[in-house]
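The next block holds one structure in the form of C-alpha cells; read it before the comments.
Since the structure is predicted, the reported quantities are computational estimates derived from the model, not experimental observations. Computation of the quantities below employed the complete heavy-atom set of this structure, encompassing side-chain atoms and omitting hydrogens, waters and symmetry-equivalent molecules. Order of appearance sets the numbers: ligands from 1, and atoms from 1 within every ligand.
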Amino acid sequence: MINPEEFLAFLKERRSIRSYLDKVIPDNEVEMILEAGRWAPSASNKQPWEFIVIKNKEILREISKKAFYGKHIKRAPLAIAIVGKIKENPNYYTQDTSFASMNMMLMAWRLGIGTCWTGALEREAVKEMLGLDEADYLLTILPMGYIKGNIPQPTQRKNLNQISREM
Ligand SMILES: Cc1cc2nc3c(=O)[nH]c(=O)nc-3n(C[C@H](O)[C@H](O)[C@H](O)COP(=O)(O)O)c2cc1C
C-alpha cells in the first residue's frame with residue numbers, strides 16, 4: 001500500500017494543467033487512465049458511463065471553440081469526454097461520472113500527464129459533435145498531455161478550520 005503521507009502529498013501536488021507538449025500519449029498509458037475511470041465507485045455499482053478518447057485534431061479544435069475557458073483543449077494531444085448514461089443511473093449519473101473523472105485525473109498525474117476539467121462548455125453543441133443523444137449527459141471534456149513548462153504554483157485552499165468541524 002502507498003504510504004499515507006506520500007499519498008496526501010500526491011493529492012496536493014496535482015494541478016490543473018493547460019499547457020501540453022506536442023507528444024503522443026502511448027496507448028498503454030491512455031488505457032491506464034481509462035482503467036482508473038472504470039474502477040471508480042458508482043451508486044449501486046451501475047457504472048453509468050462512457051469514456052470517449054478524442055485524438056482527432058479537428059474535433060479537438062471544434063470543441064475548444066465551444067469551451068469558454070478551454071482554448072488549451074486544441075493544443076492537447078487528446079481529450080477524454082466523460083459521458084453519463086442518464087437512464088442507467090438516473091439519480092446518480094453526475095456523481096458517478098464525477099468520481100470517474102477524478103480517478104482519471106489522478107492516474108494521469110501519476111503518469112506525468114496533465115489534465116484540466118472543463119466545466120464551462122456549450123454542452124449541446126459538443127454532444128452533437130460526439131454523436132451523443134438526449135439520454136447522454138456530457139459531464140466534462142478532460143484534455144490531457146505531458147506537461148509543458150513549469151508546474152503551476154498551487155492554487156489557494158481554504159483552511160481546514162474554515163471548512164470542517166466536529167460535533
Ligand atoms: C467542476 C469544475 C469545472 C471546471 N471548469 C474549468 C474550465 O471550464 N476551464 C478551466 O480551465 N478549468 C476548469 N476547472 C479547473 C479549476 O479551475 C481548478 O480545478 C481550480 O482552479 C483548482 O486548481 P487545481 O486543479 O490546479 O488545484 C474546473 C474544475 C472543476 C472541478
Could you identify the single nearest non-hydrogen protein atom to atom 25 (O) of ligand 1 and state the distance to 0.1 Å?
Ser16 OG, 2.6 Å
State yes or no: do Leu78 and Ile33 share one hydrophobic cluster built from I, L, V, M, F, W and Y residues joined by side-chain heavy-atom distances below 4.5 Å, directly or via other members?
yes
Atom 27 (O) of ligand 1 - nearest protein heavy atom and its distance:
Arg157 NH2, 2.8 Å
Say you draw a straight line from CG of Asp136 to CD1 of Ile52; how long is it, rounded to the nearest 0.5 Å?
7.5 Å
So, regarding Thr118 and ligand 1 (criterion: nitrogen or oxygen to nitrogen or oxygen, under 3.5 Å), is there a contact or not?
no
Among non-hydrogen protein atoms, atom 5 (N) of ligand 1 lies closest to Gly119 N, 3.0 Å
Could you tell me, atom by atom, which parts of ligand 1 come under 4.0 Å of a heavy atom of His72?
11 (O)
Which residue in the set Thr97, Asp96, Thr94 passes side-chain hydrogen bond (donor to acceptor under 3.5 Å, both in side chains) when paired with Asn89?
Asp96
Give a yes or no on whether Leu111 and Met104 share a hydrophobic cluster (residues Ile, Leu, Val, Met, Phe, Trp, Tyr; joining criterion: side-chain heavy atoms under 4.5 Å apart).
yes
Between Ala120 and ligand 1, is there a nitrogen or oxygen pair with a distance under 3.5 Å?
yes
Among all protein heavy atoms, pick the one closest to atom 22 (C) of ligand 1 and tell me residue, atom and distance.
Thr155 OG1, 3.5 Å
For Glu122, side chain to side chain contact (heavy atoms under 4.5 Å, CB included) partners two or more places apart
Lys66, Phe68, Ala125
Applying a 4.0 Å heavy-atom criterion (strictly less than), which segment of Cys116 is in contact with ligand 1: side chain, backbone, both, or neither?
side chain
protein heavy-atom neighbour closest to atom 28 (C) of ligand 1 works out as Trp117 O, 3.6 Å
Rounding to 0.5 Å, atoms OG (Ser98) and CG (Asn103) come to a distance of 11.5 Å
State whether any protein heavy atom lies less than 4.0 Å from atom 20 (C) of ligand 1.
no
Could you check atom 17 (O) of ligand 1 against the protein and tell me its nearest heavy-atom contact, residue, atom and distance included?
Arg18 NH2, 3.3 Å
Mark up the atoms of ligand 1 that fall under 4.0 Å of a heavy atom belonging to Arg15, in ascending order.
26 (O)
What's the shortest distance from atom 9 (N) of ligand 1 to any protein heavy atom, and which residue and atom give it?
Tyr69 O, 2.9 Å
Which value, rounded to the nearest 0.5 Å, describes the distance between Ile73 atom CD1 and Arg18 atom CZ?
10.5 Å
Is Asp27 paired with Lys55 through a side-chain N to carboxylate O contact shorter than 4.0 Å?
yes
OG1 on Thr118 to CZ on Arg123, rounded to 0.5 Å:
8.5 Å
